[in-house]
Every structure is written in C-alpha cells, then in structure tokens.
Amino acid sequence: LSRVWATQSIRNQSSSRFLLLLFAQNKKKEGAPPHQGAPSPAPRMAPPVVTVFSISNCPHCARAKAHLQGAEVEYVEIDLQGYPECRKGMLQLAGKFSVPQVFVGDAYLGDAEATVGTPADALRSKAAAASPPADTRLQKPAHPPQQPPVPSARKATVVQIAGAQVPFLDAVRKLKAAQGKGGTVRAEAEWVGVVK
C-alpha cells in the first residue's frame, strides 16, 4: 500500500511541475519580455538580382536553373509561355530568341551554356555585387501569367485518291502497304500515288 501511495505522489508532483512549466511558457508568449539570449527575427532578404527568361519543359532552362540553385543563387523566373509579352524585351536585351537567357542585375550573363560554364563561386560573387535590375524589361509582370490554350479536337483531314475521299491516315497506310509490295511512293504538289 505504501508503494502505491508513493508512486501516486511522484506522479502528482510531476504533473504539477509540468503544469507550472506550461504556465510559464504561456506567460512568455503573452507578452513577457524575451530573454537576452532569445533569437532575433530573421533579417529581411533582398530581392533576387538574377533574372531567368525560360519556358516550361525546356531541358536547357532546367539545366541553367539547376546550376543557379546548386550555387545557392536566388533568381526570378519569367516564363515566356505565361508572359509572352516579355519575349520582345528579352530579344531587345539579349539579342536572341532562344531560352534560357540569364541576367545578373542589368548585365547579360548568357544562355544555358554560359550560365552552366560559370563556376558557382563566380555566380555568387556576381549576384552579391549586383543590385536589383532597374530595367523594367527584367522585372516579372505584376499580373498573373496567361494560361495556355486548351487544344481543340482535330478535324479529320481528308485527301482525295483516285477521285475518292479518304481519311489522311488511311491514305498513308494504303500508300505504305503499296510501297511494301514493291511500288514507290511518289508525291508532287497536288498528287500522291504509287508507281510500280
């Protein structure tokens, strides 16, 4: 019986200590001044100075962005499929239609090859020395990106072979079958046929 009482007494003491600790922590959260050793709020990060013009599903763009991420360089991505009006500005600044085109501040860095060819420490130092781009063509538009158009169902293309209208895929199949039997497929401006 004394063991049971002692165990319950220890549990009650532990519970009351726990409650006191919990109460003290809540008091601190409610407005008590923080300890001197308490961490200060994180400083606000400067906006990224690197701008990447890209399109989705572009392997070269993915390679350049992966290199920037590996170098721990933050960047702003302007997806030209979502912001097609930015392509003109990119062309004016870089002189190239291809993507990606990468800028550090207002300075042109280059395409994917130039970006991946720049060592990570050089990228970091260029980004640290640059200021955010002043040229508005290097700033991401404030409006949301355009959604790509939903493709519509294709109309079946019909071709005429020997006066009969035939679906295009059927015509190709017939021509390939005829070619496999020793004929040669010959195509001219408005005529496709098999010559034996």
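With hydrophobic clusters built from ILVMFWY side chains whose heavy atoms lie under 4.5 angstrom apart, Val99 does not share a cluster with Val50. At a threshold of 4.5 Å between side-chain heavy atoms, the hydrophobic network of Ile, Leu, Val, Met, Phe, Trp and Tyr places Ile55 and Phe103 in one connected group.
A donor-acceptor contact shorter than 3.5 Å links the side chain of Thr51 to the backbone of Leu138. In this structure, the side chain of Tyr108 does not engage the main chain of Gln101 through any donor-acceptor pair within 3.5 Å. Of the possible donor and acceptor atoms, none in the side chain of Arg137 sits under 3.5 Å from a partner among the backbone N and O of Leu93. Checking side-chain atoms of Asp106 against main-chain N and O of Asp135 turns up a donor-acceptor pair under 3.5 Å. At distances below 3.5 Å, not a single donor-acceptor pair connects side-chain atoms of Arg124 with backbone N or O atoms of Glu72.
The structure places CG of Leu80 at 5.5 Å from CE of Met90, a figure rounded to the nearest 0.5 Å. Distance check: Asp111 CG to Ser98 OG gives 6.0 Å after rounding to the nearest 0.5 Å. We find the CD-OH distance between Gln146 and Tyr83 to be 9.5 Å, quoted to the nearest 0.5 Å.
The side-chain heavy atoms of Gln92 and Arg87, taken from C-beta on, include no pair separated by under 4.5 Å. Looking at heavy atoms from C-beta onward, Phe53 lies out of side-chain contact with Asp79 at the 4.5 angstrom threshold.
Between Lys126 and Leu109, the closest heavy-atom pair is NZ-CD1, 3.7 Å. Across every non-hydrogen atom of Val49 and Ala130, the tightest pair is CG1-O, 3.7 Å.
Gln147 meets the side chain to side chain donor-acceptor pair (under 3.5 Å) test with no other residue; sequence neighbours excluded. For Gln139, there are no side chain to side chain donor-acceptor pair (under 3.5 Å) partners at least two apart in sequence or on another chain.
Heavy-atom neighbours of Asp121 CG from other residues, nucleotides or ligands within 6.0 Å: above the threshold of 12.
Here Asp170 pairs with Arg173 in a salt bridge; the nearest charged N to carboxylate O distance falls below 4.0 Å.
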Mind listing the side-chain donor-acceptor pairs of residues 60-70 below 3.5 Å, one per line with the distance, residues two or more places apart or on another chain?
residue	atom	partner	partner atom	Å
His60	ND1	Arg63	NH2	3.4
Arg63	NH1	Glu113	OE2	3.4
Arg63	NH2	Glu113	OE2	2.8
Lys65	NZ	Glu77	OE2	2.8
His67	NE2	Thr115	O	3.4
His67	NE2	Thr118	O	2.7
Gln69	NE2	Tyr75	OH	3.0

